[in-house]
Amino acid sequence: MPGRHASHRPAAPSPWLRRLGLSAIAVALIGAAGLGVASVLDSGDGECDGPLPVTVAADPTIAPVLTDVARTYAETDPRQGDLCVEVDVVASTAASAVPTFGNAEAPDLWIPKTRAFGPPVDEGLLDQLASVALSPLVVAMPQEAAAAAGGEDAQISWSALLEGEAAAVLADPAANDEGIASLVAVRTALGDDVPRDQLVEVMTRVSQAAVPTVDDAFAAVAESPAAFTATEQAVVAFNREGSGPRLTALYPAEGTFGFDYPALAVSGAEEDEDARTAAAAFVTYLGSAEAQEAIRRAGFRSPDGTADADAGIVDGIRPDLPELLPPPEPELITELSRQWAALALDMRMLAVIDVSGSMNEQVDGGATRMELTRDAALEALRLFPPDASVGLWAFSILQDPPNDYVRLVDVGPMNQPLEDGTPRQEALVAAVESLPSIADGGTGLYDTVLAAFQEMRSSYQAGVVNSVVLLTDGRNEDDPDGIDLETLLTQLTAQFDPAAPVPVITIGMGPEADMEALQQISAATGTTAYHAEDPSDIQSVFVQAMIERQCRPNC
């Protein structure tokens, strides 16, 4: 990215500025508010003493039209004193631009898509001058699919969109403003009282359909009628290119976020008052009628929400500005970003399920604990991506003497076949469905925990989250043949390697579960235990624990 040029001659403030006690930069900022800067930045006849480069790092979506506007601006012969202003617009993502701030490569102006969802920036390095455009986040659908749903007047909901059978496609929230904004919109629509496991389930489903970039979502629309999220301007640009099926922008009933394209003056290694003043004047020009007309023709709205005079069904949008949601709290973005990062990690998980006789006990509603556990495990398997590595053990004292556990399906990718040719996912489902038929015997808890931990530790794979998820409704009953709790904890502590962690996430079911022992077991491997006291909580707790294995032991 071109940096600053600090070698040009500074311009002296005019006499009336001195009388008012205002610096050139102060007047430039007043001009940015719409009061004019003709006194310090003027166009006129005569030769320049030299060029005054002004660099603008703009989001790639708006950089093309800003480049055109800068050319038109150059025709007005803008000057700062005796220097001719040359505005250079460079397409730059926030990830590329932000690291330059405060050094010699910093641009004079930064115009990102938004500050609300972007990376954190030292506020001392930025000074917001104005918003130069607006583009709401929308749900894009092929025109035919949108028409079947009610056309441009269709009532679409953030929560229903991502909770339905065919979840909308999101661009990776870790790398795209549109993606993280969509997650926040869903979280906002679901409300503050939504159970955490429900939110994680929604995010898991969405993560399985995520694509790396918004461009990838547009590229995929020719092959799939699925809805996806994008800016309104991107829909307009796509329809005008005519490179795929025409799209319709739908506007969620709960409201949506707007990308406000703020123009921000950036501090570099050395302060350059001339360039800063000239940059502020260019921002003022971006607010002019001529510049705003060009920006609207490119598919953006003006900062007040006004769309192009010809905006409408031809471009796939509606002229009226949708209801905009207030900017989210940074803490919410941080929380959702962390959860998304955890879900994006590859996994190797060994599920270990108690099949002792007490699991046959009926609970409220007539189902047994074993049947509820079976249903919960089947739901969890449905949520995992096809390439997730999963295995299943069952344990009770009578399962496979002298062992207290039996290996039902070895850990491996669900989309790979076993030695006999059976797809592993199919084998896992069959094994889970068989659990109620083998429930019998006592609870051989401690020996099983140690064996499962050592199994995953010995087959540890770097770059993947390796974990054990164990569910039980009782307490260890293998004395005196098996190890005691003290021996187990000693072994776990001695063998646990923070550089290659294998967390043992435990789940206790019902009032008889030995939660004190389970907490100590999980704590020894850097994680925590869960308790499903109410039988109706078994599924939500089990799903939450199995999903959260991706961020353990660091969450």
Side-chain angles (χ1 to χ4, degrees), residues 31-37 56 58-73 76 87 89 109-117 128-140 146 151-154 156 177-178 181 185 214 229-241 246-264 280-327:
L35 302 182
V37 292
V56 182
D59 186 85
T61 57
I62 200 170
V65 67
L66 293 186
T67 299
D68 293 340
V69 172
R71 292 194 187 101
T72 304
Y73 182 58
T76 69
V87 177
V89 178
L109 276 178
W110 179 40
I111 305 180
K113 195 182 279 99
T114 181
R115 289 290 312 283
F117 302 101
Q128 182 161 336
L129 305 180
S131 171
V132 302
L134 176 67
S135 191
L137 179 70
V138 300
V139 177
E152 62 176 349
D153 296 324
I156 195 165
D177 292 331
E178 294 90 339
V214 177
T229 58
T231 64
E232 184 184 65
Q233 185 274 337
V235 173
V236 173
F238 182 83
N239 284 337
R240 290 180 181 176
E241 289 173 1
R246 294 194 64 79
L247 302 177
T248 296
L250 302 180
Y251 303 82
E254 303 96 334
T256 188
F257 290 110
F259 297 103
D260 58 344
Y261 291 90
L264 302 116
F282 178 61
V283 173
T284 300
Y285 179 77
L286 291 177
S288 68
E290 182 179 25
Q292 283 296 303
E293 182 180 358
I295 288 171
R296 290 194 298 269
R297 283 201 306 269
F300 297 92
R301 295 173 183 263
S302 289
D304 64 359
T306 302
D308 184 58
D310 295 330
I313 190 62
V314 173
D315 282 334
I317 68 171
R318 71 184 191 197
D320 296 337
L321 179 69
E323 179 183 352
L324 297 183
L325 299 170

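Computed from a predicted structure; not experimentally measured. Index from 1, following the sequence.
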Decide yes or no for [X] and [Y]: does some side-chain heavy atom of the first lie under 4.5 Å from some side-chain heavy atom of the second?
X: V56; Y: V87; value: yes
X: Y261; Y: S135; value: yes
X: V132; Y: P303; value: no
X: V235; Y: V138; value: yes
X: E323; Y: T256; value: no
X: P262; Y: I111; value: no
X: S288; Y: E293; value: no
X: L109; Y: L264; value: no

> Per the side-chain contact (heavy atoms from CB on, under 4.5 Å) rule, which among I295, V236, L134 passes with F300?
Replying inline: I295

Is it the case that the side chain of [X] and the backbone of [Y] share a donor-acceptor pair, with hydrogens and angles ignored and the cut-off at 3.5 Å?
X: E232; Y: L137; result: no
X: T231; Y: A234; result: yes
X: R296; Y: A291; result: no
X: T72; Y: D68; result: yes
X: N239; Y: L247; result: yes

> According to the interplanar angle, ranging from 0 to 90°, do the rings of Y73 and Y285 count as parallel (below 30°), tilted (30 to 60°) or perpendicular (above 60°)?
Replying inline: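 Geometry flag for Y285 against Y73: tilted rings.
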
Where [X] and [Y] come nearest, the two heavy atoms and their spacing:
X: P319; Y: A311; answer: CG-O, 3.4 Å
X: E254; Y: L325; answer: O-CD2, 3.3 Å
X: L129; Y: A280; answer: CD1-CA, 3.8 Å
X: A307; Y: R301; answer: CB-NH1, 3.7 Å
X: R115; Y: W110; answer: CD-CZ3, 3.7 Å
X: L324; Y: F257; answer: CD2-C, 4.2 Å

Inter-residue atom distance [X].[atom1] - [Y].[atom2], 0.5 Å rounding:
X: D177; Y: T114; atom1: CG; atom2: OG1; result: 6.5 Å
X: I317; Y: L250; atom1: CD1; atom2: CG; result: 12.5 Å
X: E178; Y: T61; atom1: CD; atom2: OG1; result: 7.5 Å
X: L321; Y: Y251; atom1: CG; atom2: OH; result: 9.0 Å

>> What I want to check is whether the side chains of D304 and T306 have a donor and an acceptor closer together than 3.5 Å.
In response: yes

>> Between K113 and D59, does any side-chain N to carboxylate O distance fall below 4.0 Å?
In response: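 Salt bridge between K113 and D59, a charged N being under 4.0 Å from a carboxylate O: yes.
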
